[in-house]
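All remarks here apply to the structure that follows.
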Amino acid sequence: MSWLAEFLGPEGFAAMRLSIWVSLWATLLSLPLALWVAHLLVRKRFWGRELLNIVVHLPLVLPPVVTGYLLLVTFGRRAPVGQFLEQSFGLLLAFRWTGAALAAAIMGFPLMVRAIRLALESVDPKLEQAAATLGASRARIYMTVTLPLMLPGVIAGAVLAFAKALGEVGATITFVSNIPGQTQTLPSAIYAMLQIPGEEPMAFRLVIVSTLIAVIALVVSELLARRARNGSV
């Protein structure tokens, strides 16, 4: 990795590592909740279902800066929720990489839920009913029947969320600022370098790396989804 550090420079390399770290955490933390929300939207009928659907997809239509501002007034150090998390668990979000992960997770969450929801809608309920008649519990049916059948959609949703997290800048900068080595991700580093005369070549290098990471993620997801489809046939 020394050649990559030399190619990007210390600041660019730190931004790349932080972007990957933040995107991975954002994806991993979102996945269990996305599976549960998708299940609620597809299989359950309850009061407030449409409201939940609107709230889930709201980050897609809100300006990212607005989302970042809402995060700041909710999870900032002086906000009630932010104070509670800091005093009870020692968890700081505002102006920390953890806050960048939260912002990225929220921005990518609608894409993940939508992909998982479409995959779950394609699962034939009769297969689950057949497993139930054989005495399988709900948890076992979900893990051995439902989840394997929807796995390609789950993988697609995870990759979409990862790619969205990797490219997120508006909500992230508003919530955690753009601190080199602490909260500066690839998009915010590119933005910052484009504001400095003479830094366009370095910004272009970061663009190349960002594109390569996104392409690799898409290729890996396609291979995993293809393997999952072949395994479920």
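In this text, all values refer to a predicted model and were calculated from it rather than measured experimentally.
- Contacts of S30 classified as side-chain contact (heavy atoms from CB on, under 4.5 Å), with partners at least two apart in sequence or in another chain: A105, F109, M112.
- Both I190 and L166 belong to a common hydrophobic cluster when Ile, Leu, Val, Met, Phe, Trp and Tyr are linked at side-chain heavy-atom distances under 4.5 angstrom.
- The minimum heavy-atom distance linking M107 with K164 is given by the pair O-CG, 3.7 Å.
- When the shell of 6.0 Å around CZ of R49 is examined, it contains more than 12 heavy atoms from other residues, nucleotides or ligands.
- The minimum heavy-atom distance linking S177 with T183 is given by the pair O-OG1, 3.4 Å.
- For R77, the salt bridge (Lys or Arg N to Asp or Glu O under 4.0 Å) criterion is met by E86, not counting sequence neighbours.
- Annotation: salt bridge (Lys or Arg N to Asp or Glu O under 4.0 Å) contacts of R138 (sequence neighbours excluded): none.
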Donor-acceptor pairs are to be reported for all side-chain atoms of residues 199-216 against protein atoms at under 3.5 Å, with residues two or more places apart or in another chain.
{"unit_1": "E200", "atom_1": "OE1", "unit_2": "G198", "atom_2": "N", "d": "3.2"}
{"unit_1": "R205", "atom_1": "NH1", "unit_2": "F7", "atom_2": "O", "d": "2.8"}
{"unit_1": "S210", "atom_1": "OG", "unit_2": "L206", "atom_2": "O", "d": "2.8"}
{"unit_1": "T211", "atom_1": "OG1", "unit_2": "V207", "atom_2": "O", "d": "2.8"}

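- Counting only heavy atoms from C-beta outward, the side chains of E11 and M16 never approach each other to under 4.5 Å.
- Residue L134 is not grouped with residue Y142 when hydrophobic side chains (ILVMFWY) are merged at heavy-atom distances under 4.5 angstrom, including chains of intermediate members.
- Taking CG of L218 as the reference point, atom CZ of F162 lies at 10.0 Å (rounded to 0.5 Å).
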For residues 88-103, which side-chain N or O atoms pair as donor and acceptor with protein atoms under 3.5 Å away, sequence neighbours left out?
{"unit_1": "S88", "atom_1": "OG", "unit_2": "F84", "atom_2": "O", "d": "3.0"}
{"unit_1": "T98", "atom_1": "OG1", "unit_2": "L92", "atom_2": "O", "d": "2.4"}

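- Note that CD of E128 and OG1 of T144 are 9.5 Å apart. Values are rounded to the nearest 0.5 Å.
- Using a 4.5 Å cut-off on side-chain heavy atoms (C-beta onward), R140 and S137 make contact.
- Linking Ile, Leu, Val, Met, Phe, Trp and Tyr residues whenever their side-chain heavy atoms come within less than 4.5 Å places L149 and M143 in a single cluster.
- Following chains of ILVMFWY side-chain contacts shorter than 4.5 Å, one cannot reach W25 starting from L186, and the two form parts of different hydrophobic clusters.
- A continuous path of ILVMFWY side-chain contacts below 4.5 Å connects L85 to L72, so both sit in one hydrophobic cluster.
- L31 is listed as a side-chain neighbour of V154, based on a closest heavy-atom distance under 4.5 Å.
- For T174 (side chain) and Y69 (main-chain N/O), no donor-acceptor pair under 3.5 Å exists by modelled atom type.
- Of all the heavy atoms in V66 and L62, the pair that sits closest is CG1-CD2, 4.2 Å.
- Shown here for L40 and F46, the closest heavy-atom pair between the two residues is O-CE2, 3.7 Å.
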| said: Working note: M150 + H39, criterion side chain to side chain contact (heavy atoms under 4.5 Å, CB included); need CA distance, chi angles, decisive distance, verdict. | reply: CA-CA 11 Å; M150 58 187 285; H39 179 78; over 6 Å; no
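- Scanning both residues, T27 and A161, for their nearest heavy atoms gives OG1-C, 4.1 Å.
- Distance alone, capped at 3.5 Å, places no donor-acceptor pair between the Q129 side chain and the A132 backbone.
- In this structure, L52 CG and W47 CH2 are separated by 11.5 Å, a value rounded to the nearest 0.5 Å.
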| field | Chi angles and distances behind the side chain to side chain contact (heavy atoms under 4.5 Å, CB included) call for Y191, Q195 | value | CA-CA 7 Å; Y191 176 81; Q195 310 307 308; 3.7 Å; yes
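- At distances below 3.5 Å, at least one donor-acceptor pair connects side-chain atoms of S188 with backbone N or O atoms of T185.
- When every heavy atom of Q184 is checked against every heavy atom of N178, the shortest pair comes out as CG-OD1, 2.9 Å.
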Check residues 115-122 and write down every donor-acceptor pair under 3.5 Å in which the side-chain atom is one partner and the other belongs to a residue at least two apart or another chain.
{"unit_1": "R117", "atom_1": "NH1", "unit_2": "N53", "atom_2": "OD1", "d": "3.0"}
{"unit_1": "S122", "atom_1": "OG", "unit_2": "A119", "atom_2": "O", "d": "2.6"}

